Amino acid sequence: MAALPPRKNPTPTKIHRQNLTPLETLLYMGFSRQRAEKALVATGHRGIQLASDWLLAHVNDPSIDTPAARDYILYMCPVGELQQQLSLFWQKSKYKMGWNGAHNSFPHITLTSSFKCPDADVLSLMQTVSQVSENFIEDISSTKLLLERYMSPNFFGLFVEKDQEALLKRLTQELCKDIRKLGVKADPIIKSFHLTLAYQFPQKHFSALEDLASHISPHSSCSWELRLYSYDSRTAGCDVYKVLYAHVPREQDELELLIGDFVFVTQEEMAKTTDGWVVGISWLTGASGYLPTNYVERTAETNAWTLHTVIPFGRGRDLGSGVETLDTKPAQDSIASTSINNIGSNSSLERLVGAQECDTRSVHDLEIESLYAKVARNVRESPAGHGEAEVAFEGNNSGGEGHREDEVSSSTPTRPQGPRQLFIARHGERVDFTFGLWIPYSFDKDRKYQRKDLNMPPSVPERSNGPDGFTRDCPLTVIGTVQAKMVGEAMKEAGVTIHHVFCSPSLRCIQTCHNILTGLGLVEKLKINIEPGLFEWLAWYQDEMPSWMSAEELMAAGYNIEPSYKPYISSEELQDTQETCQQFFIRNFFITQCALQATEEAGGNVLLIGHAATLDTCSRQLVGKEPRPVNELMSIVRKVPYCSVAMLEEVIEDDETSMMQMGGRSSPTLSRAGRHSPTLSRLGGRSSPGGISSMSLMSRSTIRTPAPPPKVWRIVQPPFPPMTHTSVSTFDWKMLLDKE
């Protein structure tokens, strides 16, 4: 048999992609080595998906091909009771006295000065830190670092006692010695090791800070973690600002703002602005441009840092090596890559923000920013449960169903004729979005409210947590109450009748509901069912959930609340801040289904009062559509002004044929057999803190309240016009005076 002739271009050996490293995979995908290494480092070596997301987000970053090494630093961070006391001090001092230098970071002891490391050597750096730290685990874990207070006119801190500094000095010296072997110049801290509490503060705040610091017990139980962080060197000298509101550029030189992003702005730039616009750099995309200063808020610079390695020093903790140190922490402190990969984001930008949120959360910082879906803001609602009656019925197959109708319904005894209608409304103008940080100057030293602007409410309701409670649960402005009342009056004039009301627990939503009912002339007749499931997207409350007013407090304030209503999802269950956009849609759809089913027998129209996204998240699956991706939802949210109203109408049998001809589909409601919609069965429900998933809640609600046959709903034009309004600036009478 003749031999085969040699080929000029032999077939290359087949590459087994499953055996490639993340860097090799990115190179295989066509990215340059410099870009691939930069992306992996910027995302903390969390995996290929996140790195590729970073590369796509930074496609217009002018510095993406600049070979600039990042700056690195090693911190020792407390974990446990002491950390909690320090974080509380940080939060209170910032709220009561304003910003000082310590708020730029989280509680930590600095071990090294900052140093630069080439992107290609970062994995070796992480490995070195892990190996050196492993030799100190036993000594540090068995030693309780003793701290002592130190105060001066311009500095508050906790210093490691002199006889215990030797251990930390040996650790830092060994770390820097081995890091230098990589060709990286790292220098240990030679001054006293300490935790900074406050510095760069006005002298007038000394006494107040001293009082707050007295509540910190330096000897509280505490374990420690060594952490390796990095930050973009081109942002050195910039202050970091968190984006509060989205902004779509109107001019070519403007920077697009995505809620949850960070922007870097120099102090000089912020100081010289005369029109409220400054030039900044986006952490998320690397792009730069002009942005409005009232759309951002200063935050800790460490929130924009990248965490590379965590070494826990404590009994019972095993230290991994290299990159795996990110996965060795216990669940409550973990920033494991699994938690990042399972965020369930729908877009590359969302995954990037989700990953950064995981990093920041692991830092135990009360300055943690609520970054979850980079391109999102404003909405999130959750499914409803039946409370105690639900549990009782589950354990006993008698009793429970008949009472739910009475609890939910506030309608007339007779069933209204004609197709049912569902109205979904956003709340009115809110005080905090209008006046910014309004609480400090609206309450005096005795915590008494003082109206400082005619658009501020004449009074605010009394609540158990005082003025602090309004921080995350603000009231409406006067304009907001007028808006809501106008909507109610327009509904009444158009002949709209409401029979059942479900409302988010947010004060602004309850006040909106109250004023809509006032305009309808039903404020005394219809009671408001407060449903925590209609609250905003929990992902925007990573640091702390609101503390809502109780039903008793609301009734004392004059709101007609139904005290016996058992929510479909209690406020205690609203803790899953990792809820994805799809789960958010599912939760709202479930609330809508439950409200419609629970009022089916009594009949009549239903009013839901919630937030901007509520109009879409409560209606989309009801008309047979799939949940939107985050980007699509946000594009809608930006176009939903205060007191917007969406209307849906039940399609009666005679209309169903024409509806199908128009391309409409039956909504995937629960059937009598208790089957879930295709979307729900595919995606699965989110788990509640009690281990009960939304899916099981929905199944149980079907047991208690048998679902009617699937209904067909369609979105229709409301029988009253929309309301258009605009923002205005505050009038300053002094401008009429001649300048001397």
Side-chain angles (χ1 to χ4, degrees), residues 23 34 37-46 66-78 104-137 139-140 143 145 157 159-160 164-196 224-238 300-302 304-313 319-326 328 335 359 362-363:
L23 176 59
Q34 179 174 298
E37 289 176 341
K38 180 173 286 192
L40 288 168
V41 169
T43 55
H45 287 88
R46 298 297 198 281
T66 303
R70 293 172 68 89
D71 286 298
Y72 292 79
I73 197 165
L74 284 164
Y75 281 169
M76 186 76 84
C77 301
N104 245 330
S105 183
F106 45 81
H108 68 275
I109 295 174
T110 304
L111 299 182
T112 67
S113 56
S114 62
F115 56 91
K116 294 184 181 297
C117 178
D119 293 342
D121 296 330
V122 172
L123 281 177
S124 298
L125 172 63
M126 296 165 64
Q127 186 74 24
T128 298
V129 171
S130 297
Q131 290 174 347
V132 173
S133 301
E134 189 173 3
N135 300 327
F136 286 83
I137 285 183
D139 289 343
I140 296 180
T143 301
L145 293 181
F159 280 71
V160 178
Q164 292 193 320
E165 283 191 332
L167 179 59
L168 293 184
K169 285 183 177 179
R170 281 199 300 117
L171 171 63
T172 57
Q173 289 169 355
E174 288 296 319
L175 284 168
C176 292
K177 183 180 72 174
D178 281 28
I179 290 173
R180 288 195 193 100
K181 294 178 182 178
L182 302 175
V184 175
K185 184 180 179 181
D187 296 319
I189 290 295
I190 58 175
K191 60 183 180 181
S192 299
F193 294 106
H194 65 276
L195 283 157
T196 301
W224 296 87
E225 291 178 348
L226 186 147
R227 298 177 185 166
L228 173 66
Y229 288 95
S230 75
Y231 55 91
D232 191 340
S233 58
R234 67 176 175 149
T235 63
C238 294
E301 64 181 35
T302 50
W305 287 10
T306 298
L307 177 61
H308 296 274
T309 302
V310 178
I311 313 295
F313 293 116
L319 179 67
S321 61
V323 183
E324 293 180 355
T325 55
L326 292 177
T328 59
I335 59 161
D359 283 352
S362 69
V363 167

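Since this is a predicted model, take the numbers as computed values, not measurements. All residue numbers in this chain count up from 1 along the given sequence. All heavy atoms count here, side chains included; hydrogens, waters and symmetry mates do not.
- Taken to the nearest 0.5 Å, the NE2 atom of H45 stands 9.5 Å off from the OG1 atom of T309.
- Considering only residues two or more places apart in sequence or on other chains, D232 meets the salt bridge (charged side-chain N to carboxylate O under 4.0 Å, His left out) condition with R234.
- Contact record, T143 with L167: OG1-CD2, 4.0 Å, taken as the closest heavy-atom pair.
- Shortest non-hydrogen contact noted between L307 and R227 is CD1-CB, 3.9 Å.
- Here the CG-NZ distance, from D121 to K116, works out to 14.5 Å after rounding to the nearest 0.5 Å.
- Listed for the T172 side chain is no donor-acceptor partner under 3.5 Å among the backbone atoms of P188.
- In terms of the side chain to side chain donor-acceptor pair (under 3.5 Å) criterion, residue partners of T110 (sequence neighbours excluded) are, by chain and number, H108.
- Taking the six-membered ring where the residue is Trp, the centroids of F313 and W224 are separated by 6.0 Å or more.
- For S233, there are no side chain to side chain donor-acceptor pair (under 3.5 Å) partners two or more places apart in sequence or in a different chain.
- Side chain of T112 to backbone of L74: a donor-acceptor contact under 3.5 angstrom is found.
- Pairs engaging residues 175-196 under the ring pair (Phe, Tyr, Trp, His ring centres under 6.0 Å) rule: F155-H194, F159-H194 [sequence neighbours left out].
- In this structure, Y229 and Y75 have tilted ring planes: the angle between them lies in the 30° to 60° band.
- Applying the salt bridge (Lys or Arg N to Asp or Glu O under 4.0 Å) test to every pair with at least one member in residues 180-189, sequence neighbours left out, gives these pairs: D178-K181, R180-D187.
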How far apart are the C-alpha atoms of N104 and T302, what are their side-chain angles, what is the distance that settles it, and do they pass the side chain to side chain contact (heavy atoms under 4.5 Å, CB included) test?
CA-CA 7 Å; N104 245 330; T302 50; over 6 Å; no
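- Here the SG atom belonging to C117 is positioned 8.5 Å from the CG atom belonging to L228, to the nearest 0.5 angstrom.
- Under the rule for a salt bridge (charged side-chain N to carboxylate O under 4.0 Å, His left out), the partners of E37 that lie at least two apart in sequence or sit in another chain are R33.
- Under the side chain to side chain donor-acceptor pair (under 3.5 Å) criterion, S230 pairs with R70, H308, sequence neighbours left out.
- Considering only residues two or more places apart in sequence or on other chains, D119 meets the salt bridge (charged side-chain N to carboxylate O under 4.0 Å, His left out) condition with none of them.
- To the nearest 0.5 Å, the span separating CD1 on I179 from OG on S124 amounts to 11.5 Å.
- Here the straight-line distance linking atom CG of L145 with atom CG of L168 works out to 5.5 Å at 0.5 Å rounding.
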